[in-house]
Trainee: 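Could you have a look at this structure, given as structure tokens, before my questions?
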Amino acid sequence: PKRHRRVVRRRRRRDGDWACVDLPEGVQKSIAGVLAAESAWKEEVAAAWEGEMKFESKHARNLTQLDNGVKVMPSGWICSRCDLTNNLWLNLTDGAILCGRRYYDGSGGNNHAVEHFEETRYPLCVKLGTITADGADVYSYDEDAMVEDPLLAQHLAHFGINRMLLEKTDKTMEELEVDANLKFLEWDVIQESGCQLTPLFGPGYTGLVNLGNTCYMNSILQVLFTLPDFCRRYVDCSSSIFQSAPDDPTRDFTAQMAKLGVGLLAGKYSQPIEKKDEGSNSDRPRGQRGIRPGMIKSIVGKGHPEFFTNRQQDAQEYFLHLLNMIDRCERASPGIVNPVDSFRFKVEERLECR
């Protein structure tokens, strides 16, 4: 008889180990890929993130590389001075693999890459796990900045690395900046006049997560889905919208509006957060997780010079832009009601003789 296997995601182990020797290698790689993959909205935020402009390093074209016979394996890296296996940097002069800086919250590395530079003055290093055919994160300790290395492929080949064969396995510095920004802007408790508000749960009480200066968008979307015409068009017709959605629904405006409307009104994402696990250091209060409106932000802002960025915007301008987009979609593929019609009005001028 054929053997059937079912992959079930259970609570993560404390050591984060998901390995199961009984599963085929292909299934294990698929699981690892799913766990390591960034969500679509995170990729969009990273793409729109306006970080510092990179420049070509002054050391790139005349970088000295030691002929010391060092060859770097395509995986399984570890810091040469400690046992860290993430946030690792390869020095492009001598091939030393060392951990990066320690972050403000105590995470990150143990500063061994910085110490190595102070001892040797070898300036350039590349972050392992970010090397792909499209490039990699290169940092210059001498210039104290993320830089461009036009000869990166040549410098990596010196240590036996073919970047065309490598896949991304670690977050880039740009993605880490986005994470830090979102974490800083994620308010766990809403306060007003110094008083903590009582959280509400259930249908119609679902919040939208601030993705970084997206309060203007969140407030507009929350209000729109209190209007009957918007609920009729996107929530009541959600089943038919999902069934007729294209193969890639992440790019379909109507499908994303329906998904957002169902999420806001159904109450599924407006449930109290479970108490923290034993041993956790988090003191986060019990509240709702809410919805991350990343895909709707991406679709509405696509091609727009302002709404695609992470800067603060004007709510009225976004409201008008969103209504125009809805109206265009309804004219191309009409639904049972055009919700924009609820905002239409006529002006009449009359002269009365008395």
Trainee: Counting neighbours of OH on Tyr205 that are heavy atoms of other residues, nucleotides or ligands and sit closer than 6.0 Å, is the number greater than 12?
Mentor: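 No, not enclosed.
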
Trainee: Short question: side chain of Gln65, backbone of His155 - any donor-acceptor pair under 3.5 Å?
Mentor: yes

Trainee: If you measure from OG on Ser140 to CG on Leu92, what distance do you get to the nearest 0.5 Å?
Mentor: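 Output value for this atom pair is 10.5 Å.
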
Trainee: Looking at Gln312, I want to see if its CD is surrounded by more than 12 non-hydrogen atoms of other residues, nucleotides or ligands under 6.0 Å.
Mentor: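 For Gln312, atom CD is not crowded (no more than 12 foreign heavy atoms under 6.0 Å).
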
Trainee: Mark yes or no for whether Asn218, through its side chain, and Val209, through its backbone, hold a donor-acceptor pair below 3.5 Å.
Mentor: yes

Trainee: Quick one: do Asp94 and His116 satisfy side chain to side chain donor-acceptor pair (under 3.5 Å)? Show the steps, please.
Mentor: CA-CA 11 Å; Asp94 62 358; His116 185 70; 2.8 Å; yes

Trainee: Is there a side-chain contact between Tyr269 and Leu264, using heavy atoms and a 4.5 Å cut-off?
Mentor: no

Trainee: Check step by step if side chain to side chain donor-acceptor pair (under 3.5 Å) holds for Asp252 and Thr254.
Mentor: CA-CA 6 Å; Asp252 185 72; Thr254 303; 4.6 Å; no

Trainee: Counting heavy atoms not belonging to Glu167, are there more than 12 under 6.0 Å from its CD?
Mentor: no

Trainee: Can you list the steps and then say if Asp170 with Asn86 is a side chain to side chain donor-acceptor pair (under 3.5 Å)?
Mentor: CA-CA 8 Å; Asp170 200 358; Asn86 55 12; over 6 Å; no

Trainee: Does Gly100 offer a backbone N or O that forms a donor-acceptor pair with the side chain of Lys127 under 3.5 Å?
Mentor: no

Trainee: Flag this pair as yes if the NZ/CZ of Arg121 is under 6.0 angstrom from the six-membered ring centre of Phe117 and inside a 45 degree cone about the axis; otherwise no.
Mentor: yes

Trainee: Verify the neighbour count for atom CD of Glu25: are there more than 12 heavy atoms of other residues, nucleotides or ligands below 6.0 Å?
Mentor: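 Open.
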
Trainee: What is the distance from atom CE of Met295 to atom NZ of Lys297, rounded to the nearest 0.5 Å?
Mentor: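 Reported value, rounded in 0.5 Å steps: 11.0 Å.
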
Trainee: Is the shortest side-chain heavy-atom distance between Glu143 and Pro123 below 4.5 Å?
Mentor: no

Trainee: Are Arg328 and Val340 close enough that some pair of their side-chain heavy atoms sits under 4.5 Å apart?
Mentor: no

Trainee: Using side-chain heavy atoms (C-beta onward) and a distance below 4.5 Å, is Arg232 in contact with Cys237?
Mentor: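 In short, these two side chains do not touch, never coming nearer than 4.5 Å.
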
Trainee: Would you find a donor on one side and an acceptor on the other, under 3.5 Å apart, between the side chain of Ser80 and the backbone of Ile97?
Mentor: yes

